[in-house]
Asks: 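Here it is: the structure, laid out below.
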Amino acid sequence: MTDRIMPAIIAVIAAVLLAIVLFVPFVAIMYRRNGTMTFARSAGWAAFLVYALGIAAYTLLPLPESASFRCAGTQLVPFGSFADAQRYGLAGARELLTNPVIQQSVFNVALFVPLGFFLRGLMRRGIGATAIAGLVWSALIETTQWTGVWGLYRCAYRVFDVDDLIANTLGALVGAALAHLVIRPQNAPAGRWADNGSNRAGAGRRLIAMTCDFLTLALVGAVAAAAVAFTGVGGENRTVTWIAAAAWAAPAAVQLTAVLTTGRT
């Protein structure tokens, strides 16, 4: 149970931390490209971030101990893994549902359905581009496993299976088809965060601006404090004082400079 839950916990924590770091550039890109920022689209991108990190966590974790695993092989024959399915029986519905090879194939398809849905519905990519993205992403994961996380391990700790590439690409196509059926294009975004067309910023935009200010200054202070701690400025007795000073002085200097030079935070 731990091996199944822990990757999900790691993915969520990593997504939250990465979302904090990327929030300010994300807001800038959204307003530059679309002129507005809606809650639905923002939630969609947040879900995509969690999904992407979840894929990485579940396909690579848990990492084995260096001396406790056997080198895995490769399966390079298209649909070759289905030959193993015959050993578990294919006669009836019960055997099909309990067949581990069939279950693994269905799981590999389902794993990439959200990718196709996000690419088609959120990023507005075509069917061809979605299929290529699914194939490339799957190939990247399989190659990472095959190379032992790019040389971190002496050999592959999971099997490189070409059927996984096929199943993952098919899943991306299924997700794209679902997005095409479910999501309808809208001429103009709506919502509490949307631009109302006037020069006056609404409450939603003000909240976003204040959040960007806070995160920017917090990250600047954290980087400045980390730099002081790393360099050991002030000696052993005064390092803590210098760290606290940097954590407050650097954000204040950035804010003051922005206000004096641009008239804005």
Side-chain angles (χ1 to χ4, degrees), residues 1-26 29 41-66 68-76 81 100-101 103-125 129-176 178-179 215 219:
M1 182 63 69
T2 302
D3 291 343
R4 294 182 179 182
I5 297 178
M6 189 55 63
I9 296 175
I10 293 174
V12 171
I13 294 175
V16 171
L17 296 177
L18 192 57
I20 293 174
V21 175
L22 298 178
F23 183 78
V24 175
F26 171 76
I29 293 173
R41 181 168 289 273
S42 301
W45 279 104
F48 177 75
L49 180 62
V50 174
Y51 166 76
L53 293 176
I55 287 287
Y58 270 104
T59 54
L60 299 177
L61 299 179
L63 294 175
E65 297 182 4
S66 299
S68 64
F69 73 97
R70 296 180 179 179
C71 295
T74 58
Q75 200 294 109
L76 303 178
S81 61
V101 177
Q103 290 177 346
Q104 183 65 32
S105 299
V106 173
F107 174 77
N108 285 331
V109 172
L111 192 65
F112 271 59
V113 169
L115 175 63
F117 191 90
F118 283 126
L119 289 174
R120 180 67 173 170
L122 188 63
M123 304 179 192
R124 305 301 184 189
R125 295 295 183 261
T130 300
I132 293 174
L135 177 61
V136 170
W137 198 338
S138 178
L140 178 61
I141 293 172
E142 293 292 322
T143 304
T144 301
Q145 295 174 343
W146 179 55
T147 57
V149 193
W150 305 103
L152 181 63
Y153 294 93
R154 55 186 173 83
C155 60
Y157 62 94
R158 292 187 181 181
V159 176
F160 181 97
D161 194 341
V162 69
D163 288 343
D164 290 347
L165 300 180
I166 298 173
N168 294 155
T169 305
L170 176 61
L173 288 173
V174 172
L178 291 175
L215 290 177
L219 290 174

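All values below were derived from every heavy atom in this structure, side-chain atoms included, with hydrogens, water molecules and symmetry-related copies excluded. Note that the structure is predicted; figures quoted are calculated from it, not measured.
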Asks: Within this structure, what is the CG-CG distance for the pair Leu173 and Leu115, rounded to the nearest 0.5 Å?
Replies: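 Answer for the CG-CG pair, Leu173 versus Leu115, is 10.0 Å.
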Asks: Report yes or no: does Arg125 contribute a side-chain atom to a donor-acceptor pair with the main-chain N or O of Leu119 at less than 3.5 Å?
Replies: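 Checked: no pair found.
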Asks: Checking Leu53 against Leu49 for the side chain to side chain contact (heavy atoms under 4.5 Å, CB included) test, could you report, in this order, the C-alpha distance in whole Å, the side-chain angles of both residues, the deciding distance, and whether it holds?
Replies: CA-CA 6 Å; Leu53 293 176; Leu49 180 62; 4.3 Å; yes
Asks: Give, for atom OG of Ser105 and atom CG of Asp164, the distance between the pair rounded to the nearest 0.5 Å.
Replies: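 Here the rounded value is 7.5 Å.
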Asks: Does Val21 form a side chain to side chain contact (heavy atoms under 4.5 Å, CB included) with Leu17? I'd like the steps, not just the answer.
Replies: CA-CA 7 Å; Val21 175; Leu17 296 177; 5.9 Å; no
Asks: Heavy atoms only: give me the nearest Leu122-Arg41 pair and the separation to one decimal.
Replies: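 Minimum heavy-atom separation between Leu122 and Arg41: O-NH1, 3.1 Å.
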Asks: For Val113 and Leu178: C-alpha separation, side-chain torsions, deciding distance, then whether side chain to side chain contact (heavy atoms under 4.5 Å, CB included) applies.
Replies: CA-CA 9 Å; Val113 169; Leu178 291 175; 4.0 Å; yes
Asks: To check you understand the geometry: which heavy-atom pair defines the closest contact between Gly121 and Ala179, and what is its length?
Replies: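 Reported closest heavy-atom pair: N-CB, 3.8 Å.
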Asks: Would you compute the distance between atom CD1 of Ile20 and atom CG of Leu219 and round it to the nearest 0.5 angstrom?
Replies: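 One finds 8.0 Å between CD1 of Ile20 and CG of Leu219.
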Asks: Applying side chain to side chain contact (heavy atoms under 4.5 Å, CB included) to Trp146 and Thr74, what does each step give before you reach the verdict?
Replies: CA-CA 8 Å; Trp146 179 55; Thr74 58; 3.4 Å; yes
Asks: Is a side-chain N or O of Gln145 found less than 3.5 angstrom from the main chain of Ala156, in a donor-acceptor match?
Replies: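 Side chain of Gln145 to backbone of Ala156, a donor-acceptor pair under 3.5 Å: no, none is there.
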Asks: Report yes or no: does Arg158 contribute a side-chain atom to a donor-acceptor pair with the main-chain N or O of Ala72 at less than 3.5 Å?
Replies: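 It does not hold such a pair.
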Asks: Closer than 3.5 angstrom, by distance alone: can the side chain of Thr169 be matched with the main-chain N or O of Leu165 as a donor-acceptor pair?
Replies: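 Yes; judged by distance alone, with no hydrogens or angles, the pair exists.
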Asks: So do the side chains of Val149 and Tyr157 get within less than 4.5 Å of each other, counting heavy atoms only?
Replies: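 Of all side-chain heavy-atom pairs linking Tyr157 with Val149, at least one is under 4.5 Å.
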Asks: How many angstroms lie between atom CG of Asn108 and atom CD of Gln103, to the nearest 0.5 angstrom?
Replies: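 These two atoms lie 12.0 Å from each other.
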Asks: When the ring planes of Phe26 and Phe23 are compared, do they come out parallel, tilted or perpendicular, using 30° and 60° as the limits?
Replies: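 Rings of Phe26 and Phe23: tilted, 30 to 60°.
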Asks: Quick one: closest heavy-atom pair of Thr130 and Ala176, and the distance?
Replies: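 Nearest pair, atom of Thr130 first, then Ala176: CG2-CB, 3.8 Å.
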Asks: Just wondering, do Leu135 and Asn168 contact through their side chains at under 4.5 Å, heavy atoms?
Replies: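 Counting from C-beta outward, Asn168 and Leu135 never come under 4.5 Å.
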Asks: With a 4.5 Å limit on heavy-atom distance, are the side chains of Ile55 and Trp137 in contact?
Replies: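 Yes, side chains in contact.
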Asks: Hey, does Phe160 have a side-chain heavy atom less than 4.5 Å from the side chain of Thr143?
Replies: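 Heavy-atom side-chain distance check passes, below 4.5 Å.
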Asks: Would you give the length of the straight line joining atom CZ of Phe112 to atom CZ of Phe107, rounded to the nearest 0.5 angstrom?
Replies: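 Rounded to the nearest 0.5 Å, the CZ-CZ separation comes out at 10.0 Å.
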Asks: Check the angle between the aromatic planes of Phe48 and Phe118 and answer parallel, tilted or perpendicular using the 30° and 60° thresholds.
Replies: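 Ring orientation of Phe48 relative to Phe118: perpendicular.
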Asks: Can you check whether Ile141 reaches Tyr58 side chain to side chain, under 4.5 Å on heavy atoms?
Replies: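 No, side chains not in contact.
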Asks: Are Thr144 and Trp150 close enough that a side-chain donor and a side-chain acceptor fall under 3.5 Å?
Replies: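 On atom types as modelled, these side chains qualify, holding a pair under 3.5 Å.
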